[in-house]
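Computed over heavy atoms, backbone and side chain alike; hydrogens, waters and symmetry mates excluded. Throughout, a chain's letter reflects where its sequence line sits, starting with A, and its residues are numbered from 1.
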Protein chains: 2
Amino acid sequence: MTLLGEHPSTLVVVPRTERSSRRPDGSGTPRSVDKSRTRRALLDGALDLLADRTLDNLGIREVTRAAGVSPAAFYRHFERIDDLGLVLVEEAFATLRSLMRDARDDVNEADDMIKRSVAALVRHVHDHRDHYRFIAREQYSPVISVRLAIRREIRLFATELATDLARLPIVNTWPTEDLVMLADMIVGLMVDTSKRLLDVIEEAPDREPEVIRDTERRLRYLTNGAVAWKPRPRS
Amino acid sequence: MTLLGEHPSTLVVVPRTERSSRRPDGSGTPRSVDKSRTRRALLDGALDLLADRTLDNLGIREVTRAAGVSPAAFYRHFERIDDLGLVLVEEAFATLRSLMRDARDDVNEADDMIKRSVAALVRHVHDHRDHYRFIAREQYSPVISVRLAIRREIRLFATELATDLARLPIVNTWPTEDLVMLADMIVGLMVDTSKRLLDVIEEAPDREPEVIRDTERRLRYLTNGAVAWKPRPRS
DNA sequence: TACTGTGGTGAACAGTTGTTCACTCACTTC
DNA sequence: GAAGTGAGTGAACAACTGTTCACCACAGTA
């Protein structure tokens, strides 16, 4: 790979009208659509590269190359690579939230709930590998803004789960402090499970049921623990 | 910083005898000592850089510069940067193991045990920040060999803890499968706690007691959970 | 004493990086 | 229809990268 022809679409100078698709009425693609299209291409290209790379190590040139766009184009959309990272965090947590929404709609009865929850997680990790890997990997990123954003989102996520838990019979008398603790441990288990799933999906798919079974047991251990727990008296 | 004078010690050509320290008897430093000295300098320099960098993004030139040595010298000790990473994994887990040894010697009575264990962890994280941060950050490194090594070590660590747990009264009738599960969750809590501690140490030292208290509560929740747990019948 | 092995050197290499620049030209607005 | 806006371009920049190379100085050995 040489400097020339770094991004395929520029090997030959292609007039804009040939590059952008046309609307049914035959008029040109609106500017705003064009803009958000390359923005998406940059985000998608970046997420793709991040499958085996760290955000810390993600080059602007790489990203633009993956998006089929000139290096300078990057600066029309983001100031620094960190900003792109922050958008990815947002998007990743949006899919995580959709998981919770799905799971909430899906709940039937107590014991089944654990199996269903884990199954929902497994499905989501399969469908959104890149997002889950990104969160897992960048959770302790040296890129401070991204690390902080992820932590904030996880904390938010845990408190949301806590309010959900508050409706369950055994724990509905607990002080919020204890509820948040339990929710936090459950979220921790979820994150950890998604990491294990990602490894297993890529390296030993036949061991996936094992991970699932184990996760169910852990989740059951955590929820069972509630009956033996004496909540803090004050607060 | 220019290409010239990249590593300070080579700005002027210094004859070996002036560079290396002398033994009491006045003879030159033995070769083997010299060798392991620069090796250490490379490892230390690397670990230092990894405080705000990913292994994925660690340059050979950076490392040699930090070690005060010429870039070419690197290849006398490691083939690739990954190999250096693997040595760091080994060393980091050596310190982790020493934590467990200390904690084992230190145990008195049941409830105190939790406080003591957490205190020991906190002390260790303070004393070996770089090692803990390295493990935390590279646990999901895109550098495969390092990621696998860390996972293997953590698993090993959990099984060691499981055999320790087996001596405790409540759980000593459990099948190993359940013991390992509990041990795994405890190790997970430890790793997670060390991550939180690292953040707190650098960003809000006054909130450290809060993290400690919270960790103690979680550990108590996990161990209390044992009394409510019905181990798997078969196996 | 002279010989040999080897850790470390500096120079050189081609390749890649982030960032800026003047420029084009399709879309939008007037 | 003319003018203005701004997303995208390609070329250029200095800086840095990993890796190889012949070479050097010295510890260990014979």
Going by ring pair (Phe, Tyr, Trp, His ring centres under 6.0 Å), name the pairs with one or both residues in residues 57-76 of chain B, residues two or more places apart or in two chains.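 Listed once each, the pairs are B:F74-B:F78.
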
Among pairs that include at least one residue of residues 118-161 of chain A, which meet ring pair (Phe, Tyr, Trp, His ring centres under 6.0 Å), considering only residues two or more places apart or in two chains?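 Ring pair (Phe, Tyr, Trp, His ring centres under 6.0 Å) check on residues 118-161 of chain A returns A:H124-A:H128.
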
Check the phosphate of D:dG8 against A:R39, side-chain N and O only, distance under 4.0 Å to OP1 or OP2. Yes or no?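 Indeed not, no polar side-chain atom of A:R39 lies that close.
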
Would you please confirm or rule out a distance under 4.0 Å between OP1 or OP2 of C:dG8 and any side-chain N or O of B:T38?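 It does, given that an N or O in the side chain of B:T38 lies less than 4.0 Å from OP1 or OP2 of C:dG8.
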
How would you list, by chain and number, every residue that makes a side chain to side chain contact (heavy atoms under 4.5 Å, CB included) with B:E79, sequence neighbours excluded?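 Checked B:E79 against side chain to side chain contact (heavy atoms under 4.5 Å, CB included); matches are B:D83.
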
Pairing residues for A:A72 by the side chain to side chain contact (heavy atoms under 4.5 Å, CB included) criterion, not counting sequence neighbours: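 Partners of A:A72 under the side chain to side chain contact (heavy atoms under 4.5 Å, CB included) test: A:S70.
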
Given atom [atom1] of [X] and atom [atom2] of [N], what is their separation to the nearest angstrom?
X     : N      : atom1 : atom2 : value
B:R53 : D:dC16 : CZ    : P     : 13 Å
A:D56 : C:dT17 : CG    : C1'   : 15 Å
B:H77 : C:dT6  : NE2   : P     : 13 Å
A:I81 : C:dT17 : CD1   : C1'   : 12 Å
A:F78 : D:dG8  : CZ    : C1'   : 15 Å
B:F74 : D:dT17 : CZ    : P     : 14 Å
A:D82 : C:dG18 : CG    : P     : 12 Å

Do B:E160 and B:R101 meet the salt-bridge criterion of a basic N to acidic O distance under 4.0 Å?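 Salt bridge flag = no for B:E160 with B:R101.
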
Restricting to nitrogen or oxygen on both sides, can you table the protein-nucleotides 19-21 of chain C pairs closer than 3.5 Å?
| residue | atom | partner | partner atom | Å |
| --- | --- | --- | --- | --- |
| C:dT19 | OP2 | A:Y75 | OH | 2.6 |
| C:dT19 | O5' | A:Y75 | OH | 3.2 |
| C:dT19 | O4 | A:R61 | NH1 | 3.2 |

Could you work out, with side chain to side chain donor-acceptor pair (under 3.5 Å) as the rule, every residue matching B:D52, not counting sequence neighbours?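 Listed in chain order: nothing, the list is empty.
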
